[in-house]
Trainee: 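Got a structure here, written out as structure tokens. Questions coming.
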Amino acid sequence: MTTTQRGTMKRTWSQAARMAGVAAAVLWALVPATIGAQVRMTVPPQSEPVALQGATIHTVTSGVIENGTILLENGLITAIGTDVDIPAGARVVDATGKHIYPGLIDAFSTVGIAEIGAVDVSNDINEIGDFNPNVRADIAVNAESRHIGTTRSAGVLTTLTTPGGGLVSGMSSALALEGWSWEEMSMQSAAALNVNWPNPNPRRFRGFGGFRFGPQEDRPSYEEQVQQLKDFFGEARAYRDAVAAGAEVRSDSRYAAMIPVFDGEIPVVVAADGAAQINDAITWAQEEGFRIVIRGGQDAIHVADRLVAEDIPVILTSTMAAPGRQYEGYDGAYSMPARLHEAGVRFAISGGSGALYSNRLPFEAGVAVAFGLPEEEALKAVTINPAQFLGLDDRIGSLEPGKQATFLITTGTPLDMTSDIEQAYIQGRELDMTDIQKFFFEKYMEKVRQQMRRVIS
């Protein structure tokens, strides 16, 4: 190698080193901002009594209280009304002119287990295999998810985070969207068992669970899949009975996870859209003797009489959907809640299943109002109704003494996008309302301000 070549190589390495140094400096300069963008500050548990005065309080179950006071102690509502004794040392918050609503509940969500759709490792929704009742969604929850902040800013403070895939997907977990870890966020680890009812027409399947890929001839028939489901539940019931009788059995985590279903402690949420699916699922549940909730319910209005007669509730997975069939009107999904309400069917409205869409929950309910559903019923569909269907109504879903202090302070109904959600509390914790969208709004508004200052100067 000549002297000239060695000199050129030395200069090249020197330039590369300087460039790497600059890149590293830029990267480290951006890290704090990036971290701040992703992570809102988790707040400690409530440490002092708090009284909010002067607000219009929408209890959901006991009417509206004008110029009311709500008292929070140790994460619970201890008093609510117009004549509340405020204990000495309580922090008093003036909420005059504001509205207080229960935190909204998304009964079908993937918040915490799905982050970026194009990045597989950031998604932990589907397990391998057809039967995974022992899967619990909360264990996989990422407490630092960006979607938690944006979901809370929309008024959704509780999610039923739900796994997918197979015929039996696993357990939905009720999550309070505040905490350092999944353990702190989890309200009920196994809140409902999820079944994806086989579809006699796979091409029309809309849910995220239960897809089967590969040639049509390689798939089990509808009847075969239904029989597989019945056989699995029969084996699980036999396991439960053997354990109850004190017999020696080999431990099986899948069957053990289903014991609360047979004991009536938790419901089975069955994903079913078509009328035939819904009818078959109801018949199956009656034969098995456990309570079910239908999720999806695209054809629920066509089996409304049976749903009412059997007192089976429905979780509608989207009101902002296009018609699924050519002969349906454009407002088929928009008006479904109003039609179910008129028919007497109990229902809840969810945010469309994806973590990206839980923040749309209030607008899903708002669309239903625009197409005929009374506003008070729409509010129930995202608060007390899902809480009752899933056995959480002793803790959340309405504003009552003894329930968790999980609520919103707003300028108006949270179902209207013109209202602002100014503050939220979860179990008495006054939340940091920062989220990634607000961060970017402030960031690029600062860019505009700087450009304007340069133009003026």
Side-chain angles (χ1 to χ4, degrees), residues 60 102-114 125 137-138 141 147 151-152 154-164 169-177 185-196 206-209 266-273 291-298 300 307 312-321 333 336-337 340-341 345-368 373 377-398 406 414-415:
V60 173
L104 308 186
I105 303 169
D106 190 348
F108 181 42
S109 173
T110 56
V111 165
I113 59 174
I125 300 174
D138 58 353
V141 163
H147 299 303
T151 299
R152 299 190 323 187
V156 181
L157 305 185
T158 307
T159 62
L160 268 293
T161 295
T162 302
S169 301
M171 298 289 180
S172 291
S173 297
L175 299 179
L177 297 185
M185 295 168 63
S186 183
M187 293 174 55
Q188 186 166 329
S189 185
L193 179 66
N194 289 274
V195 169
N196 296 303
R206 295 198 314 173
F208 71 71
I266 62 173
V268 177
V269 176
V270 180
D273 275 317
R291 58 191 178 100
I292 67 167
V293 178
I294 297 297
R295 188 184 72 220
Q298 183 181 6
L307 292 170
I312 296 172
V314 176
I315 298 172
L316 297 173
T317 49
S318 181
T319 63
M320 297 194 295
M336 178 67 76
L340 291 178
H341 172 63
V345 177
R346 295 192 301 146
F347 64 91
I349 296 172
S350 76
S353 85
L356 290 172
Y357 307 124
S358 281
N359 64 345
R360 301 193 318 186
L361 177 63
F363 311 135
E364 298 271 2
V367 165
L373 182 67
E377 294 300 324
L379 184 61
K380 289 179 181 178
V382 291
T383 55
I384 192 63
N385 286 2
Q388 289 175 343
F389 301 166
L390 298 159
L392 303 170
D393 55 311
D394 60 332
R395 288 166 279 178
I396 56 174
S398 62
T406 298
L415 308 188

Trainee: Specify the closest pair of heavy atoms between Ala333 and Ala321, including all atoms of both residues, with the distance to one decimal.
Mentor: CB-O, 3.6 Å
Trainee: Please report the closest heavy-atom contact between Ile312 and Val345, naming both atoms and the distance.
Mentor: O-CG1, 4.4 Å
Trainee: May I ask you to test the Leu104-Leu157 pair for a side-chain heavy-atom distance under 4.5 Å?
Mentor: no
Trainee: If you compare all heavy atoms of Leu175 against all heavy atoms of Ser186, which two are closest, and at what distance to 0.1 Å?
Mentor: CD2-CA, 3.9 Å
Trainee: To the nearest 0.5 Å, how far apart are CG in Asp138 and CD in Gln188?
Mentor: 10.0 Å
Trainee: From the options Thr151, Thr110, Asp106, select the one residue that forms a side-chain hydrogen bond (donor to acceptor under 3.5 Å, both in side chains) with Ser358.
Mentor: Asp106
Trainee: Return the CG to OG distance between Leu361 and Ser350, rounded to the nearest 0.5 Å.
Mentor: 7.5 Å
Trainee: Between Pro337 and Thr319, is any pair of side-chain heavy atoms under 4.5 Å apart?
Mentor: yes
Trainee: Please give me the minimum heavy-atom distance between Ala381 and Pro386, naming the atom from each residue.
Mentor: O-CD, 3.5 Å
Trainee: Given Arg295, which of Val195, Thr162, Leu316 fulfils the side chain to side chain contact (heavy atoms under 4.5 Å, CB included) condition?
Mentor: Thr162
Trainee: Does one side chain, of Gln388 or Arg346, offer a donor that lies under 3.5 Å from an acceptor on the other?
Mentor: no
Trainee: For Leu160 and Ala107, work out which heavy atoms get closest and say how close.
Mentor: CB-O, 3.5 Å
Trainee: Roughly how far, to the nearest 0.5 Å, is CG of Leu379 from CD1 of Ile349?
Mentor: 10.5 Å
Trainee: Kindly compute the distance separating OG1 (Thr406) from CD1 (Ile105), expressed to the nearest 0.5 Å.
Mentor: 9.0 Å
Trainee: Listed by chain and number, what are the salt bridge (charged side-chain N to carboxylate O under 4.0 Å, His left out) partners of Arg360, not counting sequence neighbours?
Mentor: Glu364
Trainee: Does the side-chain contact (heavy atoms from CB on, under 4.5 Å) test come out yes or no for Asn385 and Phe389, once each step is laid out?
Mentor: CA-CA 6 Å; Asn385 286 2; Phe389 301 166; 3.9 Å; yes
Trainee: Once side chain to side chain donor-acceptor pair (under 3.5 Å) is applied, do any residues pair with Ser398, and if so which ones, sequence neighbours excluded?
Mentor: Glu400, Lys403
Trainee: Supply the atom-to-atom distance His147 NE2 to Asn359 CG, rounded to the nearest 0.5 angstrom.
Mentor: 9.0 Å
Trainee: Residues two or more places apart in sequence or in another chain: which of them pass side chain to side chain donor-acceptor pair (under 3.5 Å) with Arg291?
Mentor: none
Trainee: Would you name the heavy atoms of Thr383 and Gly397 that are closest together and state the gap between them?
Mentor: CB-O, 3.4 Å
Trainee: Roughly how far apart are Thr159 OG1 and Leu177 CG, rounded to 0.5 Å?
Mentor: 4.5 Å
Trainee: Using the rule side chain to side chain contact (heavy atoms under 4.5 Å, CB included), only one of Leu390, Ile292, Leu193 pairs with Pro267; which is it?
Mentor: Leu390
Trainee: Val156 and Val111: side-chain contact (heavy atoms from CB on, under 4.5 Å), yes or no, with the steps?
Mentor: CA-CA 11 Å; Val156 181; Val111 165; over 6 Å; no
Trainee: side-chain contact (heavy atoms from CB on, under 4.5 Å), that's the test. Do Leu415 and Val382 meet it? Break it down for me.
Mentor: CA-CA 10 Å; Leu415 308 188; Val382 291; 4.2 Å; yes
Trainee: Tell me if a side-chain donor or acceptor on Asp273 pairs with a main-chain N or O of Gln298 at a distance below 3.5 Å.
Mentor: yes
